Amino acid sequence: MAERRYTPAEIEPKWQQLWESEHTWEVANDPEHPGGTAYVLEMLPYPSGEPHVGHLKNYALGDAIAHYSRRTGHRVLHPMGYDAFGLPAENNAIKTGVHPRVATDKSIAAYRHWFHRWGISIDWSRELGTHEPSYYRWTQWIFLKLYERGLAYRKEAAVKWCPFDQTVLANEQVIDGRCERCGHEVELRQLEQWFFRITDYADRLLRDLDTIDWPEHVKVMQRNWIGRSEGAEVTFRCDALDTDYTVFTTRPDTLFGATFFVMAPEHPDVFRLADGTGREDAVREYVNRALTESADTRGAADKPKTGVPLGRTVTNPVNGEQLPMFVADYVLMEYGTGAVMGVPAHDQRDYEFATAFHLPIRPVVAPADIDDPDISEQAFTAHTEDERLINSGEFSGMDAVAGRDAIVARLESQGRGHASVNYRLRDWLISRQRYWGCPIPIVYCGECGMVPVPEADLPVRLPEIEDYQPRGKSPLAAAEEWVNTPCPRCGGPARRETDTMDTFVDSSWYYLRYCDARNDTAPWDRAVLASWMPVDRYIGGVEHAILHLLYSRFFVKALADMELVDIQEPFQALFTQGMILGADGNKMSSSKGNVVAPSQIVERFGADAARCYVLFMGPLDQDAPWSDTGVEGVYRFLARLWRVGDELAQAGGPGPAEQPAKPEGAALELVRKANWAIDKVTGDIGGRYSFNTAIAAVMELVNEIYRHTDADVAARRFAVATAASVVFPFAPHLGSEVYGLLTGRRVWEEPWPSADPDMLVKPTFMLVCQVNGKVRDRVEAPTGAPREQLETLAMAARGVQAHLNGHQVVKVIVVPDKLVNIVVRV
RNA sequence: GCGGCGGUGGUGGAACGGUAGACACGGAGGCCUCAAAAGCCUCUGUCCUUCGGGACGUGUGGGUUCGAAUCCCACCCGCCGUACCA
């Protein structure tokens, strides 16, 4: 007989075609349906070229969870779509002149092909692309809802501008002063732009982190990004200009220690303040230099403090002191009010500034037992249990916490301040001066001003244009026929908004659309949405820890306030997968030549081996380097399982593969191992996502099957069918094939197996015998034996006897069914 | 600086406070074969050994415990995030 070999190239397409033709993974919307549901979702891909190994890991991971959820009795929603608008496709269009849709659709076709070829169990009836009018119509609809509620607004502001991509960016898209896409340094520009009022939700976005099951480090990143600080706003008066300046401080208890006052170079009043003081030129020169300096240079941590006096003073509201005013670049316009009070004794930055400008440094807070905190070298910023105020007028001697409250209360009674909370989070700038994005559904009319496009007129379709080159304004502006439109309100001549939306807007609600993807009268049906949302398992890369995940949470909260959804959080549980690194341990990149193409792996070893390997590499949330020989090892394991399944099927055809009633000898060993594997895999998938150890358990079972070729056929059939059944979530084609060969049934229609408790315990176990904590022998002992018996057995063990040699036994520790530790005095 | 995560064989990694190194890779040897590929089997932390076994071993130093990779304290190193945030 010719040798039979495991041939994934034949097996895998066979099952893929069956699943496709039978629509196996489609699930109907039925809000009345009883029983548990599970919404398992991986972050949607941005289609660019072909999928890479990171995608393979992402979807193999999610698919294993989806399969496991189905077989444990859940109705599972597991959809797929494409985040199709975006800059790379547009930049390609600029280079080639080919419409971005062409490259995007080509890439989508490639992704779709590979998802099929990988055998991912997707409900294709819900597939969507964010660039399709049937989708972005509702993106625009949501924009209008936000606009109605005042959550979308337009204002002129100093915004981050990328000179290379020729567009503005959200704060979140600026990394170290550079554009996150192209790496060019961003500039500040005064422009009128669209914003979403995410800051209205800062507190809820912060608070509700406590209600969701997310990795702690992601929560921490979001907390830091929101950056809530408690303190007070305090108003200082500048009599010369008859103007009030408010600062935010987290340390109102140190107000008596203020000895100067500093404004950011961007502060709109600095020139007005300097005017007539003879300091105009110095101020102008300093401000100009500060504004042209790069963010890198200006923000350098070890940069010495610089600044110039404004020639004015403000009045400290608590003691009437006149504080000299400065402009200095260590004060940031974008945080707080763009002005700070300088308290050099208790703030290190102020300390450095005061030292450089020979300003007085006056301590006002001290630990209880010290009259004069040491400020000779640096500011005193430590907080101690019992610190109190000093040099603070009638507040001197008070406990620092009580003193702070008293000072704030005094300010409030005088109308010079109040307790306040400040956030680092800024509103979300969503307009982009680019072509390949969702048009903003707004029209500007000479008569009526800003007019929203009526819902009935949606979608505002992206017009066809010839030239995608950005020229400081959106390429859409050149589409004159499209831009000129009658005003929806008065019918007079009007012009469309030509900016498009940030693509993060598109991806902030796609998971809602999946629930009701073919609804063409509404973005979703509320009852249908309620039956699926929130997403139970959300899986993706940690690079979205802030942007996408924060924006999506904001969307859901805003939609909840409009009573359009019935949830407060989109993603109940989040899993962030680690990266697959190149074999050299570096991040994969074409310049390093260490990129692994999943297509090659799948062609050579099959989708199952590729999927299993990326899940077997190590803990899923950690980075791990690629290994070609590692994939081969996993392939060998699958081939061994297939071969033994094929052999048994050849011999006995499809038939029963249940656990034999009373196995003995080798058969019993095998049946026990199979039950152990069921138990182990179930715990590793269900409890924690420890897929590497789950796959290792199936490997152990298969190794055991090869070791016990003498076991009877019934036991072997059971063991092999069990291995196929529990490996199915990771290797669905092979699992289906082997299970089908042996039983004639479809493994995905079988309930998840449960371990037979009687088979999980053996009648005897190896008792570990220790002397003073060191293992000295192992002896066989009956499971469940009483402590006394175990102690006697251990005492009698040869290795133990050799190490007791006459020493006095002090104590004996017995851990039932495990070990005995004999403590002796030496 | 601050915050988070991590440090275990030649490699990726296992290990409810209870046999450290499961599983896999790599390596060594053997079987099968005319030969090779594939496959199968055995061994594989380090050192010592009279071949029975013994000593050492989870970044470093302490501690708690009958027993610590695991818990506590101090430190070293690496990675990620963030940073003149008042």
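Owing to the predicted nature of the structure, the values given are computational and were not obtained by experimental measurement.
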With a non-hydrogen cut-off below 4.0 angstrom, is [X] in contact with a base, only sugar-phosphate, or nothing?
{"X": "A:Arg640", "answer": "sugar-phosphate"}
{"X": "A:Gly633", "answer": "sugar-phosphate"}
{"X": "A:Val775", "answer": "sugar-phosphate"}

Expressed as a whole number of angstroms, how long is the span from [X]:[atom1] to [N]:[atom2]?
{"X": "A:Lys680", "N": "B:C16", "atom1": "NZ", "atom2": "C1'", "result": "11 Å"}
{"X": "A:Gln222", "N": "B:G81", "atom1": "CD", "atom2": "P", "result": "16 Å"}
{"X": "A:Glu647", "N": "B:G39", "atom1": "CD", "atom2": "C1'", "result": "11 Å"}
{"X": "A:Ile226", "N": "B:U82", "atom1": "CD1", "atom2": "P", "result": "15 Å"}
{"X": "A:Lys774", "N": "B:G53", "atom1": "NZ", "atom2": "P", "result": "18 Å"}
{"X": "A:Phe691", "N": "B:C23", "atom1": "CZ", "atom2": "C1'", "result": "17 Å"}
{"X": "A:Phe730", "N": "B:A24", "atom1": "CZ", "atom2": "C1'", "result": "15 Å"}
{"X": "A:Lys303", "N": "B:A83", "atom1": "NZ", "atom2": "C1'", "result": "15 Å"}

Could you tell me if the ring centre of [X] sits under 6.0 Å from that of [Y]?
{"X": "A:Tyr635", "Y": "A:Tyr6", "result": "yes"}
{"X": "A:Phe353", "Y": "A:Phe326", "result": "yes"}
{"X": "A:Phe691", "Y": "A:Phe730", "result": "yes"}

Do [Y] and [X] meet the salt-bridge criterion of a basic N to acidic O distance under 4.0 Å?
{"X": "A:Arg426", "Y": "A:Glu334", "result": "no"}
{"X": "A:Asp203", "Y": "A:Arg228", "result": "yes"}
{"X": "A:Lys587", "Y": "A:Asp623", "result": "no"}

If you check every side-chain atom of [X], which of [options] has the closest atom?
{"X": "A:Met699", "options": "B:C23, B:G54, B:C16", "answer": "B:C23"}
{"X": "A:Arg643", "options": "B:G81, B:C40, B:A86", "answer": "B:C40"}
{"X": "A:Lys818", "options": "B:C41, B:G18, B:C85", "answer": "B:G18"}
{"X": "A:Lys305", "options": "B:C84, B:A24, B:G39", "answer": "B:C84"}
{"X": "A:Glu700", "options": "B:A22, B:C41, B:G18", "answer": "B:A22"}

Separation of the [atom1] atoms in [N] and [M], to the nearest angstrom:
{"N": "B:C34", "M": "B:A28", "atom1": "C1'", "result": "26 Å"}
{"N": "B:A36", "M": "B:U49", "atom1": "C1'", "result": "42 Å"}
{"N": "B:C66", "M": "B:G27", "atom1": "P", "result": "47 Å"}
{"N": "B:U58", "M": "B:A14", "atom1": "C1'", "result": "12 Å"}
{"N": "B:C80", "M": "B:G29", "atom1": "P", "result": "41 Å"}
{"N": "B:C5", "M": "B:C56", "atom1": "P", "result": "34 Å"}
{"N": "B:U8", "M": "B:A22", "atom1": "P", "result": "16 Å"}
{"N": "B:G18", "M": "B:A68", "atom1": "C1'", "result": "10 Å"}

- prompt: Are A:Asp213 and A:Lys219 close enough, and set up right, to give a salt bridge (charged side-chain N to carboxylate O under 4.0 Å, His left out), and what steps lead you there?
  reply: CA-CA 10 Å; A:Asp213 180 16; A:Lys219 289 189 183 184; over 6 Å; no
query: Does A:Thr693 or A:Ala696 map to a spot on RNA chain B nearer the 5' end, using the closest nucleotide for each?
result: A:Thr693
- request: Could you say whether A:Asp347 or A:Val634 is positioned toward the 5' end of RNA chain B, judged by the nucleotide with the nearest heavy atom to each?
  value: A:Val634
task: Validate the cation-pi geometry between A:Arg424 and A:Tyr335: distance from NZ or CZ to the six-membered ring centre under 6.0 Å, angle to the ring axis within 45°.
output: no
query: Quick one: CE on A:Met795 to CG on A:Leu793, what's the gap to the nearest 0.5 Å?
result: 11.5 Å
- prompt: Roughly how far, to the nearest 0.5 Å, is the OG1 atom of A:Thr693 from the CD atom of A:Glu700?
  reply: 10.5 Å
Does any donor atom in the side chain of [X] or [Y] lie under 3.5 Å from an acceptor atom in the other side chain?
{"X": "A:Ser229", "Y": "A:Thr250", "value": "no"}
{"X": "A:Thr306", "Y": "A:Tyr286", "value": "yes"}
{"X": "A:Glu780", "Y": "A:Thr764", "value": "yes"}

Pairwise N/O distances under 3.5 Å, protein to nucleotides 66-69 of chain B:
unit_1, atom_1, unit_2, atom_2, d
B:C66, OP1, A:Lys811, NZ, 3.2
B:C66, O2', A:Asn821, ND2, 3.4
B:C66, O2, A:Asn821, ND2, 2.6

Under-4.0 Å side-chain N/O to phosphate OP1/OP2 contact, [X] with [N]:
{"X": "A:Asn692", "N": "B:A14", "answer": "yes"}
{"X": "A:Ser229", "N": "B:A86", "answer": "yes"}
{"X": "A:Arg776", "N": "B:U19", "answer": "no"}
{"X": "A:His346", "N": "B:A86", "answer": "no"}
{"X": "A:Arg636", "N": "B:A38", "answer": "no"}
{"X": "A:Arg228", "N": "B:C85", "answer": "no"}
{"X": "A:Arg349", "N": "B:C85", "answer": "yes"}

- prompt: Stem ranges for RNA chain B, with three or more consecutive Watson-Crick or G-U pairs under 3.5 Å?
  reply: B:1-7 with B:76-82, B:10-12 with B:23-25, B:26-31 with B:39-44, B:45-48 with B:53-56, B:59-63 with B:71-75
query: Going through the checks in order, is the ring pair (Phe, Tyr, Trp, His ring centres under 6.0 Å) test met by A:Phe575 and A:Trp214?
result: CA-CA 7 Å; A:Phe575 187 87; A:Trp214 283 22; over 10 Å; no
task: Hey, can you tell me if A:Phe261 and A:Tyr245 have their rings parallel, tilted or perpendicular (30° and 60° cut-offs)?
output: tilted
Under 3.5 Å, which N/O atoms of the protein pair with N/O atoms of nucleotides 3-12 of chain B?
unit_1, atom_1, unit_2, atom_2, d
B:G12, O2', A:Met617, O, 2.7

message: Which is it for B:G54, anti or syn, if anything within 90° of zero counts as syn?
response: anti
- line: With syn defined as a glycosidic angle within 90 degrees of 0 and anti as anything else, the base of B:G57 is anti
